[in-house]
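Structure record follows, encoded as structure tokens.
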Amino acid sequence: MRFLLLIFALGIFACEYTPAKLPILGERDFVNGDTVYHTVRPFSFIDQDSQQVTEKTFGGKVYVVDFFFTHCPTICPKVTKQMLRLYEKYKDDSRVLLLSHSIDTRNDTVGRLQEYARNLDVSSKSWHFVTGNSDSIYSIAADYFSFAKEDAESPGGFVHSGQLILADKHRRIRAFCDGTDEKDVTRFMKEIDVLLNEKE
Amino acid sequence: MKKNSLIILASIIFTIIVSCKQETYFQGRLLYEDYCQNCHMEDGTGLRGIIPPLKGSDFLKNNQNALVCLIRKGSQGGLTINGSKYTQPMPGNANLTQGDIANIINYINHAWDNNYGVILYDDVLKQFETCR
């Protein structure tokens with residue numbers, strides 16, 4: 001009986017298992033005996049408060065990325081709702097930032113992003129909504145192993161993934177989740193905490 | 001033996017009760033999932049400040065006569081719901097039939113503890129005529 005209980009307990013823990021260290025995702029190179037990991041390229045965008053946002057803004061921070069547009073008729077509101085959960089959890093934690101890229105840079109002007117963020121009642125201190133050159137946004141999506149492009153056939157005119165991507169302070173990709181799935185985001189939040197507690 | 005048959009009987013009755021409890025607005029829920037849920041969410045709460053809630057919505061409760069056209073034609077935004085103004089436009093749904101719209105309204109009128117009454121198909125047809 002006691003043995004059975006032990007197995008049962010192990011089973012429960014097995015499902016709850018979160019690793020002590022997150023993997024570093026993507027291809028890696030070996031240069032002069034050193035490992036070079038896949039890293040997001042440097043970038044420069046403009047956020048909802050007309051501030052320039054670059055890779056330096058995220059220097060030393062853990063950050064979560066998504067791709068959306070304000071008048072998106074499909075999955076974006078669900079993803080934004082989950083991003084809002086992350087915002088509420090980490091808004092007072094200066095180690096964590098959120099970065100939402102508009103993929104409809106023509107319509108999503110700074111003014112429109114500002115209105116969107118104001119309506120959501122979120123601050124650019126911890127959540128940047130950015131717009132910029134559309135090609136740069138589509139190519140940075142690829143760096144995050146995400147996907148965004150214009151497509152006249154799709155509802156709203158764009159196709160994109162609803163993933164949330166977790167990047168570390170060296171702009172390396174460490175975890176993903178399906179931003180439309182509340183449970184998966186709960187798992188992802190645990191991974192963010194693992195990353196925050198990671199020792200170099 | 002007697003105890004066993006009592007347990008079996010009880011489980012049979014329980015199974016019947018559970019499986020016969022029909023979902024009244026099943027068709028409306030399926031349509032809601034396809035046409036509304038991406039924005040208004042599975043739990044009808046919308047998205048803070050951007051997309052208004054349907055759960056416990058005073059607008060939904062007080063504007064039953066405007067719902068058919070709103071669902072069909074969409075809205076330019078600027079509606080006030082539970083004291084908050086929503087500026088985001090709502091897209092129309094040109095491919096929903098009158099029957100579809102009736103099912104959706106009856107679903108959202110009763111989901112998530114809402115209790116805003118039943119809309120009749122004839123009323124949907126009447127409203128539909130006015131919103132061209």
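Every chain is numbered from 1 and lettered A, B, ... according to where its sequence line falls, protein lines coming before strand lines.
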Answer with yes or no whether the hydrophobic clustering places A:I173 together with A:I192; edges join I, L, V, M, F, W, Y residues whose side-chain heavy atoms lie under 4.5 Å apart. no
Same hydrophobic cluster for A:V65 and A:I103, using side-chain heavy-atom links shorter than 4.5 Å among ILVMFWY? yes
Check whether B:W112 and B:L60 end up in the same hydrophobic cluster, where Ile, Leu, Val, Met, Phe, Trp and Tyr are linked by side-chain heavy atoms less than 4.5 Å apart. yes
Given heavy-atom pairs under 4.5 angstrom as the criterion, report whether the side chain, backbone, both or neither of A:V79 touches chain B. neither
For residues 76-195 of chain A, the disulfide (SG to SG under 2.5 Å) pairs (sequence neighbours left out) are A:C72-A:C76
Answer with side chain, backbone, both or neither: which region of A:L84 has an atom nearer than 4.5 Å to a non-hydrogen atom of chain B? side chain
Check chain B against chain A and list any donor-acceptor pairs under 3.5 Å.
{"from": "B:T45", "atom 1": "OG1", "to": "A:K81", "atom 2": "NZ", "distance (Å)": "2.5"}
{"from": "B:G46", "atom 1": "O", "to": "A:K81", "atom 2": "NZ", "distance (Å)": "2.6"}
{"from": "B:R48", "atom 1": "NE", "to": "A:L120", "atom 2": "O", "distance (Å)": "2.9"}
{"from": "B:R48", "atom 1": "NH1", "to": "A:E88", "atom 2": "OE2", "distance (Å)": "2.9"}
{"from": "B:R48", "atom 1": "NH2", "to": "A:E88", "atom 2": "OE2", "distance (Å)": "2.9"}
{"from": "B:R48", "atom 1": "NH2", "to": "A:L120", "atom 2": "O", "distance (Å)": "3.1"}
{"from": "B:T87", "atom 1": "OG1", "to": "A:E115", "atom 2": "OE2", "distance (Å)": "2.8"}
{"from": "B:T87", "atom 1": "OG1", "to": "A:N119", "atom 2": "ND2", "distance (Å)": "3.2"}
{"from": "B:Q88", "atom 1": "NE2", "to": "A:T70", "atom 2": "O", "distance (Å)": "2.4"}

Count the heavy atoms of every other residue, nucleotide or ligand shown that sit under 6.0 Å from CG of B:D113, and state whether that count exceeds 12. no
State yes or no: do A:F145 and A:L99 share one hydrophobic cluster built from I, L, V, M, F, W and Y residues joined by side-chain heavy-atom distances below 4.5 Å, directly or via other members? yes
For B:F26, does the CZ atom sit with more than 12 other heavy atoms under 6.0 Å from it, leaving out its own atoms? no
